[in-house]
*Asks:* 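Sharing a structure, written as structure tokens. Questions coming.
These numbers come from a predicted model, not from an experiment.
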Amino acid sequence: MSSSLRAIEKKVALRKQVYKTVLGSPFVNEAHMWPRVQDQAVVLELLKGTVLNKCVHLQGVERGQWPLDVATDYNEIVKLLGAAGGPQELDAILFVCPRDSGIPPVLLQQVPLMCYTSRGTVTLVQLPQGSHKLLLAEPLYCKEGLLLVHCNDKLDGKFVAAVRDKTDPLRFPWLDGIAYQRTDLKLLKTTAPLKRKQK
Amino acid sequence: MNREQRERFRDTHLRFQYDLLHYLPRSSSTAPLAGLYLKKFYNATKRYQLQLPAQIVQADAKFCGQCGIVRVAHHNLLVSKQQGSSGQPSNRLLYTCRQCGREASFNLGEDPPLESPKTAESDSTKVSAQAGKVQKSAGSSAKERAKKRKQNSLSNLLSRKNAEQKNRTSGSGSSNILSLEDFMQQ
């Protein structure tokens, strides 16, 4: 009798509610689509000081004559990330506002994957919530909350190093087989038949 | 199988199926099977009565609606954004599957209004303050929180108020002897 009572008690006993990650596998790594940024406030200040404040003074100046190389258009950024073999490999930092409500999630869904599979070195930096308003200011006007800054001679090296230091790298093991890998092979040693001169 | 074992089996089963879906786009020989595996995965989640997040379930977003392949831009997917026109002001995102050729479009709404640099500057201080606040709260230890709680207790607040009043009276007595307000009060 006592055992049956205990069994009933066990059945009725309240269980605490827990949340388990059912699909959180390290292979897909979907929980960390957007890499973690340490000191987001510092990164935002750096971005303001190095890029945004400079751009404010460039109203009316053509994009080609700017002292920085930036891209803000969605299609342009997608093209740059997927460029198949150009004269130079892409070396850039991509600032994104994935937490802002004005940007549809489907628009940014492929951005981390594109950064991971791109041929160059692209650092993906997620900005804190509410930073989309900063990027909407003239003359940048990043409608989609994307700002790609090329890391070349025009950009301060210390800024690039600081931002890259504070951002975790992307990790999608399932894309490793898909990602472009440069082959070191240039000349293959083989044989070919000798051609005889025909009379 | 008891409850725990059942749950463990469910987790591994679903995780395996989900991982498999991501493994398929690697080679062209396995890619055509994506639809079958996706259906199997959906059926499994249905059987276990699990509700999947919107980013997985949303039609044509993560998986192609026709062939079921996991979308990977520049590999099996062409992405382009189409600007709205006068007839149709909202922008659209166009996905074209390279595997089956299916086109899917998503409504993105209209462009946000242009911000003037001044308002953006004032907002930026708010954003940076918010970001700092979040990190501060995350970094505070249990000891610090307990200290704060103690400081905000009723007796502490009363004693602080009394001390402030004392300071005020002593301050008014020493430094503002010749103020008009004090004279009027007297």
Side-chain angles (χ1 to χ4, degrees), chain A residues 20-25 27-28 30 33 38-45 48 52-53 55-56 59 73-75 78 81-82 84 102-107 109-111 113-114 117-118 127-139 141 143-145 172-180, chain B residues 7 10-11 14-16 18-19 21-23 25-27 45 48 50 52-56 58 60-62 70-83 91 93 95 106-109 111-121 123-124 126-135:
Chain A
K20 283 200 290 182
T21 49
V22 180
L23 300 176
S25 82
F27 179 65
V28 178
E30 207 152 46
M33 281 290 270
Q38 301 152 17
D39 301 328
Q40 272 195 334
V42 177
V43 172
L44 189 69
E45 283 300 317
K48 271 195 288 177
L52 301 181
N53 289 351
C55 293
V56 169
Q59 282 188 42
D73 182 53
Y74 184 81
N75 287 340
V78 167
L81 292 174
I103 307 161
V106 72
L107 188 71
Q109 201 175 30
Q110 291 289 327
V111 171
L113 309 185
M114 280 193 271
T117 51
S118 70
L127 295 173
Q129 195 174 12
S131 42
H132 187 212
K133 272 195 172 181
L134 292 176
L135 303 185
L136 280 174
E138 280 182 299
Y141 190 46
K143 289 177 280 184
E144 296 90 11
F172 300 119
W174 67 279
L175 283 173
D176 282 343
I178 291 168
Y180 169 78
Chain B
E7 280 180 359
R10 179 202 65 189
D11 291 0
L14 280 176
R15 207 170 292 164
F16 172 73
Y18 197 59
D19 285 358
L21 283 173
H22 288 79
Y23 193 82
R26 282 171 181 234
S27 77
T45 53
Y48 294 124
L50 282 176
L52 291 169
Q55 57 179 19
I56 297 175
Q58 194 184 357
D60 275 315
K62 189 175 166 71
V70 182
R71 293 194 190 278
V72 183
H74 303 303
H75 179 68
N76 57 25
L77 175 71
L78 291 173
V79 192
S80 66
K81 193 193 161 198
Q82 290 180 337
Q83 283 290 335
N91 301 317
L93 182 74
Y95 275 1
F106 302 90
N107 191 5
L108 300 175
D111 285 339
L114 192 76
E115 290 276 328
S116 68
K118 271 186 184 175
T119 53
E121 185 63 35
D123 285 331
S124 73
K126 277 184 206 168
V127 173
S128 53
Q130 227 175 17
K133 211 176 173 183
V134 168
Q135 276 170 358

*Asks:* How about B/F16: does its CZ atom have over 12 heavy atoms from other parts shown lying under 6.0 Å from it?
*Replies:* no
*Asks:* So, for B/D19 and A/F27, which heavy atoms are closest and what is the spacing to 0.1 Å?
*Replies:*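 Scanning both residues completely, I find the closest heavy atoms to be O-CE2, 3.5 Å.
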*Asks:* Say whether, by atom type as modelled, one donor and one acceptor occur between the side chain of A/N75 and the main chain of B/K81 under 3.5 angstrom.
*Replies:* yes
*Asks:* Mind ranking B/A54, B/A61, B/G109 by heavy-atom pairs under 4.5 Å with chain A and telling me who comes out on top?
*Replies:*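 Top count of heavy-atom pairs under 4.5 Å with chain A: B/A61.
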*Asks:* Would you say the side chain of B/H75 lies within less than 4.5 Å of the side chain of A/L175, judging by non-hydrogen atoms?
*Replies:* no
*Asks:* NE2 of B/H74 to CE of A/M114: how many Å apart, nearest 0.5 Å?
*Replies:*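 If we round to the nearest 0.5 Å, B/H74:NE2 and A/M114:CE are 5.0 Å apart.
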*Asks:* Is there a side-chain contact between B/L52 and A/L23 (heavy atoms, below 4.5 Å)?
*Replies:* yes
*Asks:* Does the pair A/E30 and B/Y18 meet the rule for a side chain to side chain contact (heavy atoms under 4.5 Å, CB included), with working shown?
*Replies:* CA-CA 11 Å; A/E30 207 152 46; B/Y18 197 59; 2.6 Å; yes
*Asks:* Among B/L93, B/L77, B/L50, B/L21, which has the most heavy-atom pairs under 4.5 Å with chain A?
*Replies:* B/L93
*Asks:* Which one, A/C55, A/P139, A/P104, leads in non-hydrogen pairs under 4.5 Å with chain B?
*Replies:* A/P104
*Asks:* Starting at OH of A/Y74, measure out to CG of B/L108 and round the result to the nearest 0.5 Å.
*Replies:*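 If we round to the nearest 0.5 Å, A/Y74:OH and B/L108:CG are 8.5 Å apart.
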*Asks:* Please report the shortest heavy-atom distance between A/V106 and B/Y95, naming the atom on each side.
*Replies:*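 Nearest pair, atom of A/V106 first, then B/Y95: O-OH, 3.4 Å.
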*Asks:* Sort A/L113 into side chain, backbone, both or neither according to what part of it lies under 4.5 angstrom from a heavy atom of chain B.
*Replies:* side chain
*Asks:* Quick check on B/Q55 against chain A: is it the side chain, the backbone, both or neither that has a heavy atom closer than 4.5 Å?
*Replies:*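 B/Q55 touches chain A through backbone and side-chain heavy atoms alike.
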*Asks:* Do A/Q109 and B/R71 make a side-chain contact, defined as non-hydrogen atoms from C-beta onward lying under 4.5 Å apart?
*Replies:*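 Answer no - side chains too far apart.
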*Asks:* Measure the spacing between CD of B/Q83 and CG of A/D73 and express it to the nearest 0.5 Å.
*Replies:* 7.0 Å
*Asks:* By a 4.5 Å heavy-atom criterion (distance strictly below it), what part of A/P105 contacts chain B: side chain, backbone, both, or neither?
*Replies:*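 It is neither, since no heavy atom gets under 4.5 Å.
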*Asks:* Would you call A/Y141 and B/P112 a side-chain contact if the rule is heavy atoms closer than 4.5 Å?
*Replies:*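 A/Y141 vs B/P112: side chains touch.
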